[in-house]
Amino acid sequence: FMSGVNGLNCYMFAGGTNEGGVGQFGLYHEWQAPVASDGRLRSHFKSLTKFGEFINGIGASAAAMAPVADLDLGFYSEYYNTEYLDGPMADRLFAVRNEFFFDGLARQAYLAGYQTGLVDIKKTPAIKAPALAVFSTLFMDAASQHKLLAYANNGGKLIFCGETLLMDEGWNPCSPFLDSLKFKAEKVRGVRTIEFLGKETYLHNQDINTFSGLLQDDKVIAVYKGKPCGIVRLTGKGSLCLLGFHFSDKFDYFKPAFDDICQELKVRKTVETGGYDLVTMLRRDKDSGFLLVANYHDDVTPGRIATEF
């Protein structure tokens with residue numbers, strides 16, 4: 001809801017029975033429903049009632065407010081449309097995106113305190129975002145690569161991490177993103193550690209890319225065995241942070257590392273929490289706003305919330 005979803009549904013609110021053997025899941029279908037198929041109210045019915053009161057109280061007002069975004073995550077649909085695919089490649093896409101996008105880049109953006117939106121790279125004619133963080137694995141079509149480059153050259157702040165784009169979705173050589181920047185990429189398999197922002201950083205046997213073709217003013221922020229694998233560059237009217245590896249949530253030092261990269265590109269936080277333990281989400285209009293503060297720890301967590309209107 002705080003991310004901008006204005007229509008909420010409950011799957012499923014009440015369990016039931018299917019007569020005549022027509023049920024896809026057999027006779028009964030419950031799926032943790034707050035109302036059981038025999039009419040009993042389960043324990044979480046009370047929590048759902050409170051949520052309904054909350055939505056009915058502020059829902060209409062908050063729904064009229066736009067969600068704030070300090071940066072957008074770049075969504076590339078081909079990495080996620082795997083429901084009807086099978087085989088080793090589909091399994092790899094599923095595993096990599098779960099670990100390094102959902103539990104990696106996306107989670108780090110929220111934990112580091114940035115108001116986070118989403119941009120569909122393929123469907124957006126021209127990307128306009130306050131900053132853009134892109135997770136990459138294996139491939140991307142040429143048109144989408146050109147969009148990312150145009151976004152940075154036109155004044156955008158682009159964070160690109162993962163396996164560098166060298167192929168299109170048909171596995172044909174396709175590297176306009178790197179070629180336009182005059183970078184050459186070399187794949188290194190099964191890397192355990194790199195030096196990232198001056199610290200040894202554990203990558204858990206990732207396949208990474210190192211880069212050559214650097215310009216004199218490029219800033220190297222990550223190195224593997226003396227070869228650059230993380231670079232910050234001013235390009236056109238904008239800036240680019242190119243990382244040849246993925247973010248992870250396995251270790252706490254990735255949170256300040258993501259923050260440091262955003263600060264390097266001058267990405268501004270709308271809401272400050274004084275740390276990395278409280279997640280905030282803000283919707284607002286010119287006159288008012290609604291701020292969600294979430295503490296996902298089991299203990300009371302202190303913090304100082306600051307924002308400007």
Side-chain angles (χ1 to χ4, degrees), residues 71 74 76 79 96 99-101 104-105 108 121 127 131-142 144-154 156-168 171-248 253-254 257-267:
L71 64 83
Y76 186 65
Y79 298 157
V96 170
E99 181 172 2
F100 297 126
F101 178 72
L105 181 64
Q108 295 306 328
I121 296 172
I127 298 173
L132 183 66
V134 176
F135 155 87
S136 167
T137 177
L138 297 176
F139 62 88
M140 185 179 285
D141 66 276
S144 295
Q145 294 189 44
H146 282 296
K147 285 182 190 179
L148 296 179
L149 187 64
Y151 165 75
N153 285 333
N154 291 331
K157 303 169 184 179
L158 176 61
I159 302 170
F160 183 99
C161 60
E163 296 169 80
T164 310
L165 304 171
L166 298 172
M167 297 176 291
D168 62 18
W171 303 108
N172 302 305
C174 180
S175 54
F177 181 77
L178 281 184
D179 295 344
S180 298
L181 295 166
K182 309 298 183 185
F183 282 126
K184 297 292 183 183
E186 178 182 354
K187 174 167 281 193
V188 185
R189 298 186 180 276
V191 172
R192 288 178 57 81
T193 61
I194 61 171
E195 182 181 315
F196 181 30
L197 296 171
K199 298 179 181 178
E200 182 184 76
T201 301
Y202 181 60
L203 296 185
H204 193 56
N205 298 321
Q206 284 188 40
D207 293 345
I208 74 167
N209 287 106
T210 59
F211 303 106
S212 58
L214 278 66
L215 301 179
Q216 182 177 355
D217 293 333
D218 288 345
K219 182 176 181 179
V220 177
I221 60 172
V223 176
Y224 174 71
K225 292 187 176 180
K227 295 183 178 181
C229 58
I231 301 158
V232 174
R233 172 183 289 186
L234 299 178
T235 177
K237 299 178 181 179
S239 53
L240 163 70
C241 177
L242 178 64
L243 302 178
F245 54 92
H246 291 288
F247 274 94
S248 170
Y253 51 66
F254 278 106
F258 183 85
D259 208 6
D260 288 345
I261 287 173
C262 288
Q263 292 177 27
E264 184 76 33
L265 298 186
K266 297 181 173 56
V267 181

K.L.:
Go through the structure and list residues passing side-chain contact (heavy atoms from CB on, under 4.5 Å) with Ser136, not counting sequence neighbours.
P.N.:
Tyr79, Phe160, Leu165
K.L.:
With sequence neighbours left out, write down each residue that passes ring-ring contact (aromatic ring centres under 6.0 Å, His included) with Tyr202, or none if nothing qualifies.
P.N.:
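His204, Phe251.
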K.L.:
For Ala133 versus Leu71, what's the shortest heavy-atom pair and its separation?
P.N.:
CB-CD1, 4.3 Å
K.L.:
Does some side-chain heavy atom of Leu242 sit less than 4.5 Å from a side-chain heavy atom of Leu158?
P.N.:
no
K.L.:
Kindly indicate whether the side chain of Leu178, heavy atoms from C-beta on, has any atom under 4.5 Å from the side chain of Leu166.
P.N.:
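A side-chain contact under 4.5 Å exists here.
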K.L.:
Do Asp168 side-chain atoms and Cys174 backbone N/O form a donor-acceptor pair below 3.5 Å?
P.N.:
no
K.L.:
For Met140, is there any backbone N or O sitting under 3.5 Å from a side-chain donor or acceptor partner on Ser144?
P.N.:
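The answer is no, because no donor-acceptor pair under 3.5 Å joins these two groups.
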K.L.:
What's the spacing between Ile121 CD1 and Lys147 NZ if we round to 0.5 Å?
P.N.:
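Ile121 atom CD1 to Lys147 atom NZ measures 8.5 Å (nearest 0.5 Å).
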K.L.:
Which of these, Ile231, Leu215, Thr164, sits in a side-chain contact (heavy atoms from CB on, under 4.5 Å) with Phe183?
P.N.:
Ile231
K.L.:
Stepwise, does the ring-ring contact (aromatic ring centres under 6.0 Å, His included) test hold for Phe196 with Phe245?
P.N.:
CA-CA 10 Å; Phe196 181 30; Phe245 54 92; 5.1 Å; yes
K.L.:
If you define the side chain from C-beta out and look only at heavy atoms, does anything of Leu243 sit under 4.5 Å from Ile261?
P.N.:
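Touching, per the 4.5 Å side-chain cut-off.
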K.L.:
If we only count heavy atoms from C-beta on, is the Leu240 to Leu265 side-chain gap below 4.5 Å?
P.N.:
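SC-SC contact between Leu240 and Leu265 ruled out.
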K.L.:
Would you say that Val134 contacts Ile159 through its side chain, given a criterion of any heavy-atom pair below 4.5 Å between the two side chains?
P.N.:
no
K.L.:
Could you tell me which residues satisfy side-chain contact (heavy atoms from CB on, under 4.5 Å) with Leu234, sequence neighbours excluded, listed by chain and number?
P.N.:
Ser239
K.L.:
Considering residues at least two apart in sequence or located in another chain, which fulfil the side-chain contact (heavy atoms from CB on, under 4.5 Å) criterion with Asn153?
P.N.:
Leu149, Thr235
K.L.:
Of all residues at least two apart in sequence or in a different chain, which pass the side-chain contact (heavy atoms from CB on, under 4.5 Å) check with Val220?
P.N.:
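Expected list: Leu214, Val223, Pro228.
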K.L.:
Hey, can you pull the donor-acceptor pairs under 3.5 Å for the side chains in residues 186-194, sequence neighbours left out?
P.N.:
from: Glu186; atom 1: OE1; to: Lys227; atom 2: NZ; distance (Å): 3.4
from: Lys187; atom 1: NZ; to: Glu163; atom 2: OE1; distance (Å): 3.4
from: Arg189; atom 1: NH1; to: Asp207; atom 2: OD2; distance (Å): 3.3

K.L.:
Can you confirm whether Leu203 sits close enough to Tyr224 that some side-chain heavy atom of one is under 4.5 Å from a side-chain heavy atom of the other?
P.N.:
no
K.L.:
For the backbone of Ser248 and the side chain of Glu99, can you confirm whether one donor and one acceptor N or O come within less than 3.5 Å of each other?
P.N.:
no
K.L.:
Test side chain to side chain contact (heavy atoms under 4.5 Å, CB included) on Phe258 and Leu105 and set out the steps.
P.N.:
CA-CA 9 Å; Phe258 183 85; Leu105 181 64; 3.6 Å; yes
K.L.:
Can you tell me if Gln145 uses its side chain to pair, donor with acceptor, with the backbone of Phe177 under 3.5 Å?
P.N.:
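Answer holds: yes.
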K.L.:
Within a strict 4.5 Å, meaning less than it, do heavy atoms of the Asp141 and Tyr76 side chains meet?
P.N.:
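Heavy-atom side-chain distance check passes, below 4.5 Å.
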K.L.:
Arg233 versus Lys219: any side-chain heavy-atom pair under 4.5 Å?
P.N.:
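A side-chain contact under 4.5 Å is absent here.
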K.L.:
Look at the side chain of Ser175 and the backbone N and O of Pro173, then say whether any donor-acceptor pair between them is shorter than 3.5 Å.
P.N.:
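Checking the backbone N and O of Pro173 against the side chain of Ser175, no donor-acceptor pair under 3.5 Å is found.
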K.L.:
Could you check whether the rings of His246 and Phe135 sit parallel, tilted or perpendicular, using 30° and 60° as the cut-offs?
P.N.:
tilted
K.L.:
State whether the side chain of Lys157 and the backbone N or O of Lys266 hold a donor-acceptor pair below 3.5 Å, judged by distance alone.
P.N.:
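Confirmed, Lys157 side chain pairs with Lys266 backbone.
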K.L.:
How close do Phe247 and Cys161 get, counting heavy atoms only, and between which atoms?
P.N.:
CD1-SG, 4.2 Å
